[in-house]
**Q** 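One structure is given below, represented as structure tokens, and several questions about it will come after.
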Amino acid sequence: MTYPARAARIHKYGPPDVLEFDNVEVAEPGPGQVVVKNNVIGLNFVDIYYRRGTFPVPELPYIIGNEGAGEVLAVGKGVSDFVVGDRVGYCDDINGSYTTARLYEASRLIKLPSDISDEEACSVMLKGLTARYLLKEVTLLKAGDTVLYHAAAGGVGQIFAQWGKALGLNVIGTVSSDLKAEVARQSGCAHVINYRTENFLDRVLEITDGQGVRAVFDSVGKDTFHQSLKALAIKGMLIVFGKASGDLPDLNPFDLAPRALQLAWPILPQYVSTRNELVLAATDLFNAIRSGTVNATPDRVYSFDQLVQAHSDLEERRTVGSTVLTVS
Ligand SMILES: NC(=O)c1ccc[n+]([C@@H]2O[C@H](COP(=O)([O-])OP(=O)(O)OC[C@H]3O[C@@H](n4cnc5c(N)ncnc54)[C@H](OP(=O)(O)O)[C@@H]3O)[C@@H](O)[C@H]2O)c1
């Protein structure tokens, strides 16, 4: 038996309209697998890297997308933790979520609690688990530390600012417009810099009395990299975790030596690679939502049919916060 589905596939790399809707068949689940019916699909900037070919996909046409929430439609042999009808979510960087139904490894599914809706789950799973490991696992941060986060009004950015404030950090956020500045402030940034109209390095040094920050969280890449390094305090760490503006310039590691700086490029999958890590991180995230630390309401909700528009809005920097797509 197969399960009919409607999927958005890229047939070639390029702008948002390379995404085309096709009818596909989802195979019977193999051992350890389930078929998930997606009710909501999460939109993430990494989807744009795959659509453009910045990150290559194994073959074309290809279903991209890295986050979904819905219910279990069928289970394969050996699956004991999930039954048909269970509410589940997922956010691995393995693509394939732009579809009404798909196969998934049961061991990688997150069971959704009854007080977290599919829309909320898709708003925060990938972005919230990312903000979480950035704040809690990449480097040791303590209350009172000042850190810099670029694109602070974005999906990961808002959650980072909310959670960072709750952990006692002074988050300096950069944004590209006054509207986004207000959003970043509301999310918990202690200071906000419009990096289109102000030199963010000068402002960071001003805010920190010339000392620089303990860590910079930089997913912008090309446009911010060198200045981000200069914004660090001695022994500070530059955490690069994306490249929305393009590839990073070359760096000789020896250039880090005079100020004993550290450079890291972490990725979420390596922080939730075991079942135990995934469940612990998801539980921590859901608790942060319940306590009011993290706001799980998506900023934008599109229908799955509006996928091309949603991609274009995210790529052209028209969004703030999280975007989700509902499947009817
Ligand atoms: N390594 C990991 O584990 C991991 C996991 C999840 C996400 N990420 C990365 O984290 C970043 C944030 O992801 P997200 O889904 O929450 O996206 P997002 O922050 O909502 O959107 C990206 C933001 O980047 C800023 N930006 C700066 N230069 C840009 C440019 N040339 N083109 C487009 N945007 C530009 C824009 O904010 P302004 O207009 O304010 O500049 C834009 O809103 C992405 O780079 C993503 O790849 C990494």
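For ligands, and for the atoms within them, numbers begin at 1 and follow the listed sequence. Computation of the quantities below employed the complete heavy-atom set of this structure, encompassing side-chain atoms and omitting hydrogens, waters and symmetry-equivalent molecules.
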**Q** Stepwise, does the side-chain hydrogen bond (donor to acceptor under 3.5 Å, both in side chains) test hold for S273 with E277?
**A** CA-CA 7 Å; S273 64; E277 286 171 331; 3.2 Å; yes

**Q** What protein heavy atom is closest to atom 47 (O) of ligand 1, reported as residue, atom name and distance in Å?
**A**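 Checking every protein heavy atom, the shortest distance to atom 47 (O) of ligand 1 gives Y49 CE1, 3.0 Å.
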
**Q** Under 3.5 Å between any N/O of S219 and any N/O of ligand 1: does that happen in this structure?
**A**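 For ligand 1, there is an N or O atom that lies under 3.5 Å from one belonging to S219.
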
**Q** For C189, which of V175, V171, I172 qualifies under side chain to side chain contact (heavy atoms under 4.5 Å, CB included)?
**A**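 The option that passes is V171.
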
**Q** Counting each atom of ligand 1 from 1 as listed, which ones have a heavy atom of G242 under 4.0 Å away?
**A**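 This gives 45 (O) as the contact atoms.
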
**Q** Do any heavy atoms of P266 fall under 4.0 Å from ligand 1?
**A**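 Per 4.0 Å heavy-atom rule, P266 contacts ligand 1.
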
**Q** Quick one: do E120 and V124 satisfy side-chain contact (heavy atoms from CB on, under 4.5 Å)? Show the steps, please.
**A** CA-CA 6 Å; E120 290 170 326; V124 297; 5.7 Å; no

**Q** For atom 23 (C) of ligand 1, what's the nearest protein heavy-atom neighbour? Residue, atom name and distance, please.
**A**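 I find the closest protein heavy atom is A151 CB, 4.0 Å.
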
**Q** Which of the atoms in ligand 1, numbered in the order shown and given with their element, are less than 4.0 Å from a heavy-atom of T130?
**A**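 With T130 as reference, the close atoms of ligand 1 come out as 4 (C), 5 (C), 6 (C).
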
**Q** Can you find an N/O atom of L268 closer than 3.5 Å to an N/O atom of ligand 1?
**A**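 Between L268 and ligand 1, an N or O pair is found under 3.5 Å apart.
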
**Q** Decide if the gap between the ring center of F217 and the ring center of F160 is smaller than 6.0 angstrom.
**A**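 They qualify: ring centres under 6.0 Å apart.
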
**Q** Atom 42 (C) of ligand 1: which protein heavy atom is closest, and how many Å away?
**A**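 Nearest neighbour among protein heavy atoms for atom 42 (C) of ligand 1, to 0.1 Å: R317 CG, 4.1 Å.
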
**Q** Can you classify the ring geometry of Y98 versus F304 as parallel (below 30°), tilted (30 to 60°) or perpendicular (above 60°)?
**A**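 Y98 vs F304 ring planes: perpendicular.
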
**Q** With atoms numbered from 1 as shown, which atoms in ligand 1 lie under 4.0 angstrom from a non-hydrogen atom of V220?
**A**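 Matching atoms, with element in brackets: 27 (C), 28 (N).
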
**Q** Would you mind finding which of A244, G128, S176 brings a heavy atom closest to atom 40 (O) of ligand 1?
**A**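 That would be S176.
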
**Q** Is the gap between the ring centers of H11 and Y62 under 6.0 Å?
**A**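 No, ring centres 6.0 Å or more apart.
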
**Q** Quick check for you: to the nearest 0.5 Å, what is the distance between I63 atom CD1 and L19 atom CG?
**A**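 Output value for this atom pair is 11.0 Å.
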
**Q** Identify the protein heavy atom lying closest to atom 7 (C) of ligand 1, giving its residue, its atom name and the separation to 0.1 Å.
**A**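 Sorting protein heavy atoms by distance from atom 7 (C) of ligand 1 puts V156 CG2, 4.0 Å first.
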
**Q** Below 3.5 Å, N or O to N or O, backbone or side chain included: is there any such pair between T174 and ligand 1?
**A**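 The answer is no, given that T174 and ligand 1 share no N or O pair closer than 3.5 Å.
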
**Q** Going by the order shown, which atoms of ligand 1 are within less than 4.0 Å of some heavy atom of N44?
**A**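 Every atom of ligand 1 under 4.0 Å from some heavy atom of N44: 15 (O).
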
**Q** Are V40 and V294 grouped together when hydrophobic residues (ILVMFWY) are joined by side-chain heavy atoms under 4.5 angstrom apart?
**A**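 As far as the 4.5 Å side-chain criterion goes, V294 and V40 are not connected within one cluster.
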
**Q** Is a donor on one side and an acceptor on the other found under 3.5 Å between the side chain of E137 and the backbone of Y271?
**A**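 Pair absent, no side-chain N/O of E137 close to backbone of Y271.
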
**Q** Here's a test for you: under side chain to side chain donor-acceptor pair (under 3.5 Å), which of N44, D93, N66 qualifies with Y50?
**A**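 Only one of N44, D93, N66 forms a side chain to side chain donor-acceptor pair (under 3.5 Å) with Y50, namely D93.
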
**Q** How close does the nearest protein non-hydrogen atom get to atom 19 (O) of ligand 1, and which residue and atom is it?
**A**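 Scanning the protein heavy atoms, the shortest distance from atom 19 (O) of ligand 1 goes to G154 CA, 3.5 Å.
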
**Q** OG1 of T174 to NE2 of H191: how many Å apart, nearest 0.5 Å?
**A**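 So the OG1 of T174 and the NE2 of H191 are separated by 14.0 Å.
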
**Q** Is L135 reachable from L268 through a run of hydrophobic residues whose side-chain heavy atoms are each under 4.5 Å from the next?
**A**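 Yes; L135 is reachable from L268 via cluster members.
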
**Q** Taking 4.0 angstrom as the limit and counting only heavy atoms of V175, give me the atoms of ligand 1 inside it, by number and element.
**A**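 What qualifies from ligand 1 is 40 (O).
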
**Q** Please state which option from K180, E315, R196 has its nearest heavy atom closest to atom 37 (O) of ligand 1.
**A**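 Residue with the shortest heavy-atom distance to the ligand atom: K180.
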
**Q** Would you tell me which option among F45, W265, F241, Y271 has the nearest heavy-atom contact to atom 10 (O) of ligand 1?
**A**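 Considering heavy atoms of F45, W265, F241, Y271, the nearest to atom 10 (O) of ligand 1 sits in F241.
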
**Q** Return the residue, atom name and 0.1 Å-rounded distance of the protein heavy atom closest to atom 2 (C) of ligand 1.
**A**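 Of every protein heavy atom, Y133 OH, 3.4 Å lies nearest to atom 2 (C) of ligand 1.
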
**Q** Closer than 4.0 angstrom: is that true for some heavy atom of I267 and an atom of ligand 1?
**A**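 True for this residue.
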
**Q** In the protein, what heavy atom is nearest to atom 41 (O) of ligand 1, and what distance, to one decimal place, separates them?
**A**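 So the nearest neighbour among protein heavy atoms is Y195 OH, 2.4 Å.
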
**Q** Compute both the distance and the angle, then confirm whether R108 meets the cation-pi test with Y90: under 6.0 Å from the six-membered ring centre, within 45 degrees of the axis.
**A**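 Geometry flag: not set, cation outside 6.0 Å or 45°.
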
**Q** Among protein heavy atoms, which lies nearest atom 18 (P) of ligand 1, and at what distance?
**A**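 Result: G155 N, 3.7 Å.
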
**Q** At a non-hydrogen distance cut-off of under 4.0 Å, which region of L126 contacts ligand 1 (side chain, backbone, both, or neither)?
**A**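 The side chain, only.
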
